[in-house]
Amino acid sequence: MSLRILTPDDVAALTALANGILPADARDAGAAAVNAGPAIAERVRQGAFENVYLTGLSTADELARTQFACPVPALNTAQLEELLTTLRDRAPAFFRQLRADVCARYLSDPAVWQRIGFPGPSSEQGGYPDFDQP
């Protein structure tokens, strides 16, 4: 059971941070394309890395308000990048978990596979017989 319920503000901050980890580009919407923030929030609600995320979100909010006088979701791209760099140094467990979860969510999406040219799980094709070839 959760020690603290994620508020809508927490989910918005988590979404902004996830989108900062994997921002949109000309190819796709990045983390937003796979709803990484809300999906991670749901996992946190179920207890996955709850303490890491709750502590990290609290730290992110405090830093955003101290450095930029606004909450995380209101940061512009440059401010968000600076905040993530600060979090990498001051809350490394949170930063690493967030980065891993965002990347895992993004790279597990079949639509992303098509965009990046990944043919899909090798088990569906009987393996990759030429895995050791360039």
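These figures come from a predicted structure and were not determined experimentally. FYI, side chains are in, hydrogens and waters are out, and symmetry mates aren't considered; it's all heavy atoms of this structure.
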More than 12 heavy atoms from other groups under 6.0 Å of CD on Gln114: no

Which of these passes side-chain contact (heavy atoms from CB on, under 4.5 Å) with Leu87: Asp89, Thr85, Leu83? Leu83

Where is the tightest heavy-atom contact between Ala18 and Ala36, given as atom of each residue plus distance? CB-CB, 4.2 Å

Nearest atoms (heavy-atom pairs only) where Pro23 meets Gly20: CD-O, 3.6 Å

Please report the closest heavy-atom contact between Thr59 and Ala91, naming both atoms and the distance. CG2-CB, 4.5 Å

Could you go step by step and tell me if Leu98 and Leu14 meet the side chain to side chain contact (heavy atoms under 4.5 Å, CB included) rule? CA-CA 9 Å; Leu98 175 64; Leu14 187 54; 3.8 Å; yes

Does atom CD of Glu42 have more than 12 heavy-atom neighbours, drawn from other residues, nucleotides or ligands, at distances under 6.0 Å? yes

Minimum heavy-atom separation for Cys70 and Leu75, please, with both atom names. SG-CD2, 3.5 Å

Between Thr15 (side chain only) and Val11 (backbone N and O only), is there a donor and an acceptor less than 3.5 Å apart? yes

Quick one: does Asn19's side chain have a donor or acceptor within less than 3.5 Å of a partner on Ala16's backbone? no

Looking at Asp28, is its backbone amide N or carbonyl O close enough to the side chain of Asp25 to form a donor-acceptor pair, meaning the two atoms are under 3.5 Å apart? yes

Flag if over 12 foreign heavy atoms under 6.0 Å of CZ, Arg43: no

Report yes or no: does Arg105 contribute a side-chain atom to a donor-acceptor pair with the main-chain N or O of Ile40 at less than 3.5 Å? no

I'd like to know if Arg65 and Asp61 make a salt bridge, using a cut-off of under 4.0 Å between side-chain N and carboxylate O. yes

Out of curiosity, Arg96 CZ to Asp101 CG, how far, rounded to the nearest 0.5 Å? 12.5 Å

Are any non-hydrogen side-chain atoms of Leu107 and Ile116 less than 4.5 angstrom apart? yes

Compare all side-chain heavy atoms of Tyr106 with those of Cys103 and state whether any distance is below 4.5 angstrom. no

Is the number of heavy atoms from other residues, nucleotides or ligands within 6.0 Å of CZ (Phe49) greater than 12? no

Say you draw a straight line from CG of Asn76 to CD of Glu81; how long is it, rounded to the nearest 0.5 Å? 10.5 Å

Checking the side chain of Asp109 only, and the main-chain atoms of Val112 only, is there a donor and an acceptor separated by less than 3.5 Å? yes

Distance, nearest 0.5 Å, that separates CG of Leu84 from CG of Leu17: 5.5 Å

Close side-chain approach of Leu57 to Val72, heavy-atom, < 4.5 Å: no

Would you call Glu82 and Gln79 a side-chain contact if the rule is heavy atoms closer than 4.5 Å? no

So, for Leu6 and Ala41, which heavy atoms are closest and what is the spacing to 0.1 Å? CD1-O, 3.4 Å

Atom CD of residue position Glu62 - does it have more than 12 heavy atoms of other residues, nucleotides or ligands inside 6.0 Å? no

